[in-house]
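See below for the structure under consideration.
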Amino acid sequence: MKVLVIGASGMLGSDVVSELQQRGHEVASPRSKELDITNLEHVAGIALSHGTYDWCINCGAYTAVDKAESEVQLATELNELGPAYLANACSMAGAKLIHISTDFVFDGESTTPYETDAPTNPLGVYGRTKRDGELAVLAANPNALIVRTSWLYGPNGKCFPKTMIAAWEAGKTLRVVSDQIGCPTSTGDLARVLVDMIEANIYPGIYHACGPTVTNWHQFAIDAINKWKSSKGDDRTVEVEAILTDAYPTPARRPKYSVLACETLWDLWIKPMRPLDEALADFSAYLSKAH
Ligand SMILES: NC(=O)c1ccc[n+]([C@@H]2O[C@H](COP(=O)([O-])OP(=O)(O)OC[C@H]3O[C@@H](n4cnc5c(N)ncnc54)[C@H](OP(=O)(O)O)[C@@H]3O)[C@@H](O)[C@H]2O)c1
């Protein structure tokens, strides 16, 4: 298949490109300078490319959760306006679209995993623009697929486990919130799921796709550092202080519980992702080879 990947330089997009290439698909991966989804002239090129692409996977987004609180216009352009242009262009070009979204569309008040049709109620600008982006995509292109994911980490970007490992290596005192619960998701595993989805020609709709392990940021930090230590043969003790969200104020509020129910996808014979322990072991092995 011929697949256009938007946001190919990003943490998820780069793994999506590798997965597609490894599985023999033809990939176009323009940088945002060449194909800015907020630029109507750029996007018109897709609209006019009828028959060129079978699929488009949009991994492009404004992802700076706290900064979004003061950059509302930019976040809106990247997360709502651009995806709507893209959805419309894909519809005109006859390319099916997967648009990536987030657990931050929910308010975190639930105590059971969020189903795909659970009411959204984002707490901040990032979540709101992503939710509005979902609605805009589906309004412009009812045949689009929305895939919500959570707590991404991967080799090609800034992510929580890398930050924790670097801080620990630097001898910093680590204090991490323990009252936000969610599911870490390896970008490599999510890329595999996304490519499985296009190969299975999954029907349009909203899907949830995240790792199967439910945890909190404090435990995630400990697990990441422990895996890193064992990949280096390091036997130092890891100490991370657990704190509450109130003790770590951030510009954007975050959902305290954002576990996504993924069964809709697994029921369609898409293989679930690996447990955190297994995926983190690979991630740490990769990081230690890269150092
Ligand atoms: N990170 C997480 O923990 C997380 C959690 C849940 C959901 N998500 C969602 O997952 C998706 C991927 O996230 P990520 O963390 O991999 O993102 P990322 O690393 O921040 O990458 C964002 C990508 O968007 C591209 N981009 C920015 N502006 C663009 C524009 N105007 N036109 C086209 N592309 C543009 C960037 O390209 P340039 O570098 O060329 O500007 C970059 O490749 C996003 O939809 C995000 O909302 C992320």
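Whatever order the structure lists ligands and atoms in, that order sets their numbers, starting from 1.
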| Among all protein non-hydrogen atoms, which one is nearest to atom 28 (N) of ligand 1, and what is the separation to 0.1 Å? | L78 CD2, 3.6 Å
| said: Checking a contact table here: which protein heavy atom is nearest atom 20 (O) of ligand 1, and how many Å away? | reply: T63 OG1, 2.7 Å
| note | atom 19 (O) of ligand 1 sits nearest the protein heavy atom M11 N, 2.9 Å
| remark: When distances are taken from atom 32 (N) of ligand 1, the protein heavy atom at minimum range is I37 N, 3.0 Å
| field | Polar side chain donor-acceptor pair, N156 to S14, under 3.5 angstrom | value | yes
| field | Any N or O of S9 closer than 3.5 Å to N or O of ligand 1 | value | yes
| note | So for W151 against ligand 1, with non-hydrogen atoms under 4.0 Å, the contacting part is backbone
| remark: Under 4.0 Å between heavy atoms, the region of C159 that gets near ligand 1 turns out to be neither
| query | Hey, mind stepping through R236 and E169 against salt bridge (Lys or Arg N to Asp or Glu O under 4.0 Å) and telling me if it holds? | reply | CA-CA 11 Å; R236 284 177 291 163; E169 281 289 0; 3.7 Å; yes
| said: Side chains of E241 and T173 only: does a donor on one sit below 3.5 Å from an acceptor on the other? | reply: no
| field | Per-atom contacts, ligand 1 versus D36 - under 4.0 Å to a heavy atom | value | 30 (C), 31 (N), 32 (N)
| message | Is it the case that ligand 1 has an N or O less than 3.5 angstrom from some N or O of T102? | response | no
| Does a side chain donor of either S101 or E134 reach within less than 3.5 Å of an acceptor in the other side chain? | yes
| message | Would G60 count as being in polar contact with ligand 1, using the rule that some N or O on each side must be under 3.5 angstrom apart? | response | no
| task | Would you sort out whether D196 and R23 count as a salt bridge (Lys or Arg N to Asp or Glu O under 4.0 Å), showing the intermediate values? | result | CA-CA 10 Å; D196 284 354; R23 286 159 72 165; 2.5 Å; yes
| task | Show which atoms of ligand 1 fall inside a sub-4.0 Å distance from at least one heavy-atom site of S101. | result | 7 (C)
| query | Which bit of R148 gets closer than 4.0 Å to ligand 1, counting heavy atoms only: side chain, backbone, both or neither? | reply | neither
| Under 3.5 Å between some N or O of ligand 1 and some N or O of D103? | no
| field | atom 6 (C) of ligand 1: nearest protein contact (heavy atom, Å) | value | T149 O, 3.3 Å
| What protein heavy atom sits nearest atom 21 (O) of ligand 1, and how far away is it? | G10 CA, 3.4 Å
| Under 3.5 Å: donor-acceptor pair, side chain of S91, backbone of A87 | no
| said: For atom 40 (O) of ligand 1, tell me which residue out of S32, A61, P83 has the closest non-hydrogen atom. | reply: S32
| note | atom 16 (O) of ligand 1 has as its nearest protein heavy atom L12 N, 2.8 Å
| According to the interplanar angle, ranging from 0 to 90°, do the rings of F106 and H208 count as parallel (below 30°), tilted (30 to 60°) or perpendicular (above 60°)? | perpendicular
| task | Ignoring hydrogens, just give me the one of L190, N39, V147, L152 whose non-hydrogen atom is nearest atom 2 (C) of ligand 1. | result | L152
| request: Start with the C-alpha gap between K130 and E80, add the side-chain angles, then the distance that decides, and say whether salt bridge (Lys or Arg N to Asp or Glu O under 4.0 Å) holds. | output: CA-CA 7 Å; K130 290 295 289 183; E80 181 184 353; over 6 Å; no
| query | So is L35 in contact with ligand 1, going by heavy-atom distances below 4.0 Å? | reply | yes
| task | Among Y286, F160, F220, find the one that has a ring pair (Phe, Tyr, Trp, His ring centres under 6.0 Å) with Y153. | result | F220
| task | Using non-hydrogen atoms of the residue, decide whether G82 is closer than 4.0 angstrom to ligand 1. | result | no
| Residues D277, K227; criterion salt bridge (Lys or Arg N to Asp or Glu O under 4.0 Å); working and verdict | CA-CA 8 Å; D277 190 52; K227 277 282 177 261; 2.7 Å; yes
| request: May I ask you to decide if T245's main-chain N or O and D179's side chain share a donor-acceptor pair within less than 3.5 Å? | output: yes
| field | side chain to side chain contact (heavy atoms under 4.5 Å, CB included) partner of V27, the single match among V5, I57, V16 | value | V5
| field | Heavy atom of the protein closest to atom 11 (C) of ligand 1 (residue, atom name, distance) | value | I100 CG2, 3.6 Å
| field | D66/R254 ion pair, N-O < 4.0 Å | value | yes
| Does ligand 1 have any atom that is closer than 4.0 Å to a heavy atom of S14? | no
| Under a heavy-atom criterion of less than 4.0 Å, does Y126 contact ligand 1? | yes
| Spacing of M164 atom CE and L174 atom CG [to the nearest 0.5 Å] | 6.0 Å
